[in-house]
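Written out below as structure tokens is the structure these notes cover.
Chain identifiers are assigned alphabetically (A, B, ...) following the order of the sequence lines, protein sequences preceding nucleic acid strands; residue numbering begins at 1 within each chain. Worth saying up front: this structure is predicted, and the values here are computed from it rather than measured.
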Amino acid sequence: MVLAGAGSGKTRVIVHRIAHLIRELGVKPDRILAVTFTNKAAREMKERITSLLDDTSAARIAIGTFHSVCARILRREHRSLKLTSNFTIVTESEQHARVKRAVDTLNIPPDRMAPRQIVTRISNAKNRFQEPEKMLESAGFDLMQKWTARVYEIYQAQLEQDHALDFDDLIVKTVRLLEDNPLVRDAYQERYRYILVDEYQDTNHAQYRLISILSRRYRNVMVVGDDDQSIYRWRGAEISNILNFERDFPGARTVKLEQNYRSTQAILTTAAAMMENNRRRTGKKLVAVRSGGEKVMQVTLGSDREEAEFLAKELTGLHAREHREWSDFGILFRTNAQSRLIEESCLVAQIPFRVIGNTGFFNRKEVKDLFAYIRLALNPLDSASCLRILNTPRRGIGAATREMLMEKTGDRPMFRVLESLVEDRVFPGHKIGRIADFVRGVLEMEKITRTTDVPAFVRLMIERFGYREQFETEDTPESTASLEIIEEFVSAAEEFHRRTGDTLDKFCDYLALNQEQSSDRPGDVEEDQNTVSLLTLHNAKGLEFPVVFITGLEEGLCPCYRSLSDLTEDDLEEERRIVYVGMTRAMQKLFLLSAQRRFRAGKQTDSKPSRFLMELPEKTLERINLQGARTRRARPVSFRDSDAPAVKMSHPFSGNDFRRGDRVVHKRWGTGTVIDLKGRGPEAKITVSFDRAGRKKLLLGPSRLFKMT
DNA sequence: TTGGTTCTCATTTTT
DNA sequence: TGAGAACCAA
């Protein structure tokens, strides 16, 4: 076990050990398994190993996330699991849909049970290998838990019928496979003789079991982690995995890495002082290699808007005065909702930026639909996918017909039932044509899943089912957006094909397991372009920036809680770790921002400064109060007054004062000129000719269009 | 069945 | 604020 403090070269250790194993000890690359927490980390690790060794041996090492590694094993071993090799991987959004349907069938008073909560409870149970029956037994008089257990039972039964696995199943079923099946177990224990796990502090119980069983024979495991950076408890991560490592793997040796190569001493001292307030930790002494450094700035702003304006001004200032690259800056926030204002203010100030993390691409209806089509073609047993696209595009199958169909389906595969119903001409004459055509379409597509490359398949599919036509017939901003998403989906397929050349089923896995997908706006910014990064504190893990801004350090937001009473001690410690992760991303400059008013959940709220700010030592800190919007007259921040332009955001739709000829800037399309305008208020529709992207019709409301000042 | 509207309600992080 | 459900009219 390597206990590696922030910035101590964690990943480097893993990469170099792998190189050492192969080069010095002559270990065959395919006997090494390296598990990371995110796909991005896996890619990075692969790259770094490639640069140390050669392409071919690097390619033979099994590197991936727990989920992707398990998916690969399960596909290979599907026979032992009574699964088709084409089993579906259920994404989170679909997990919700499935749970909701299960809740509906149970006649549970819906107000008592938030599907979101049920999902987490089910997930927790799964990760502890608890079956629905066990859960029901142990629920006792806990009514909510009882309901959850019954939902769980239906949910799980339906997954099995559909030959579908959710994220938790991927791990849990792999563990079961290895436990129940000596031959398979032997094979994988042999195969993965050397196991390396990154971010061990974020593993959950099932993942621990997986590592434990795989390593049982050769006992060659190296885990790397930092208990102070454990920030995924809500997802089942158990910090005890790292705290109990020496007990769980007798004879283990622990190495501590306590030299920090990233941050200045000032930054580190500040972060460390805050962490002193946590109790459950191993205790490391991180020492900065870079002594001294500028003081950490703690800035208080009047409102969230002022915070955003301050950011833009500060970025511009540092860019001009200190000749910083835009990519030197990381702006961190606790919740995704916070990024909106910041994006807007960067837009107005013409600062190139990029939002790292979930883009919502996968939440788009179009993406879910197309994904469901592909999955049904690959796995016609997947009734959930069938149900999703049954009436998309419209085929005249509404609620009543759907009910009827579901009734007849029972626990058989819906698509098969549909086939036979068409055969028996159960549907009324005026509908049967379209329904039969749908069935034929799926069957046709099913035939060519193996023989057609991914982009061709996707295009053919869109064509065959008339998925595009439904949007082409109208010319509204919404339909334009839909068409764009469809295009984006096609490009994703092309991109996948170009990079991997893999088959359709691999594309499905890729879509399900790579939901991260970073966004590049405005325009088409390439991956490593020079942009400011906007990201959540969680997404910041593993990254570093010369200058870091942590925003929204306020009670309720960071630490994040709904009501003080449900903030447990453990929750609070995790929140502190989350902030700690953020602070330790900074190499040279660290800004801690808080606002006194913030627009939250549709309301203006007063907020108090985060308690974490009170835990910081004064000697490495400079506190500045800039409340009252007069950022321009403000005392010295990092730049003495400004050659930075004043950034003042115009309210999105307050000024419905767009006129023909106005120069505007759009989140996605960049700069352009207004050429037409219809309607008033947030409903107004506007036509803009963009300099690079051409003419677009936009809905003024959600389009995020700003007048350039 | 579909399209449109209004209403309400909850707001964390993501493989 | 924005998503989803519930409701209503054609």
Any base atoms under 4.0 Å from [X], or only sugar-phosphate, or nothing? Heavy atoms, all strands.
X: A:Y561; result: nothing
X: A:F66; result: nothing
X: A:A400; result: sugar-phosphate
X: A:R394; result: sugar-phosphate

Nearest-nucleotide pick for [X], side chain only, options being [options]:
X: A:F167; options: B:dT13, C:dG4, B:dT15; result: B:dT15
X: A:T401; options: B:dT1, B:dT11, B:dT15; result: B:dT1
X: A:K100; options: B:dT2, B:dT15, C:dG4; result: C:dG4
X: A:R116; options: B:dT15, B:dT12, B:dT13; result: B:dT12
X: A:E575; options: B:dT2, B:dT11, B:dT12; result: B:dT12
X: A:R340; options: B:dG3, B:dT13, C:dT1; result: C:dT1
X: A:E92; options: C:dG4, B:dT14, B:dT1; result: B:dT14
X: A:Y232; options: B:dT11, B:dT15, B:dT14; result: B:dT14

Using whole Å, what does the distance between atom [atom2] of nucleotide [N] and atom [atom1] of [X] come to?
X: A:I356; N: B:dT14; atom1: CD1; atom2: P; answer: 12 Å
X: A:K365; N: C:dA3; atom1: NZ; atom2: C1'; answer: 15 Å
X: A:L537; N: B:dT12; atom1: CG; atom2: C1'; answer: 11 Å
X: A:R598; N: B:dT11; atom1: CZ; atom2: C1'; answer: 14 Å
X: A:I397; N: B:dT1; atom1: CD1; atom2: P; answer: 9 Å
X: A:H205; N: B:dT15; atom1: NE2; atom2: C1'; answer: 18 Å
X: A:R562; N: B:dT12; atom1: CZ; atom2: P; answer: 6 Å
X: A:H96; N: B:dT11; atom1: NE2; atom2: P; answer: 10 Å

OP1 or OP2 of [N] versus the side-chain N and O atoms of [X]: is any pair under 4.0 Å?
X: A:N539; N: B:dT14; value: yes
X: A:N336; N: B:dT11; value: no
X: A:R402; N: B:dT1; value: no

#### Entry: Same-atom distance (P) from C:dG4 to B:dT13, integer angstrom
15 Å
#### Entry: Separation of the C1' atoms in C:dA5 and B:dT12, to the nearest angstrom
23 Å
Exercise: do [X] and [Y] side chains pair donor with acceptor under 3.5 Å:
X: A:E555; Y: A:Y561; answer: yes
X: A:Q201; Y: A:E199; answer: yes
X: A:D166; Y: A:Y155; answer: yes

## Note on the structure
Sorted by position of nearest nucleotide on DNA chain B, 5' first, the leading residue of A:T536 and A:N391 is A:N391
### Task
Map A:T335 and A:R395 onto DNA chain B by nearest heavy atom, then report which one ends up closer to the 5' terminus.
A:R395
### Task
To the nearest 0.5 Å, tell me how far A:R233 CZ sits from A:I231 CD1.
13.0 Å
#### Entry: A:D369 side, atom CG; A:S385 side, atom OG - distance, nearest 0.5 Å
10.5 Å
### Any donor-acceptor N/O pair under 3.5 Å between B:dT13 base and A:W234 side chain
yes
### Task
Examine the base of B:dT13 for any acceptor or donor lying under 3.5 Å from a partner atom in the side chain of A:R334, and report the outcome as yes or no.
yes
### Query
Which word best sums up how the rings of A:F129 and A:H205 line up, parallel for under 30°, tilted for 30 to 60°, or perpendicular for over 60°?
perpendicular
### Query
Is the charged tip of A:K541 near the ring of A:F37: under 6.0 Å from the six-membered ring centre and within 45° of its axis?
yes
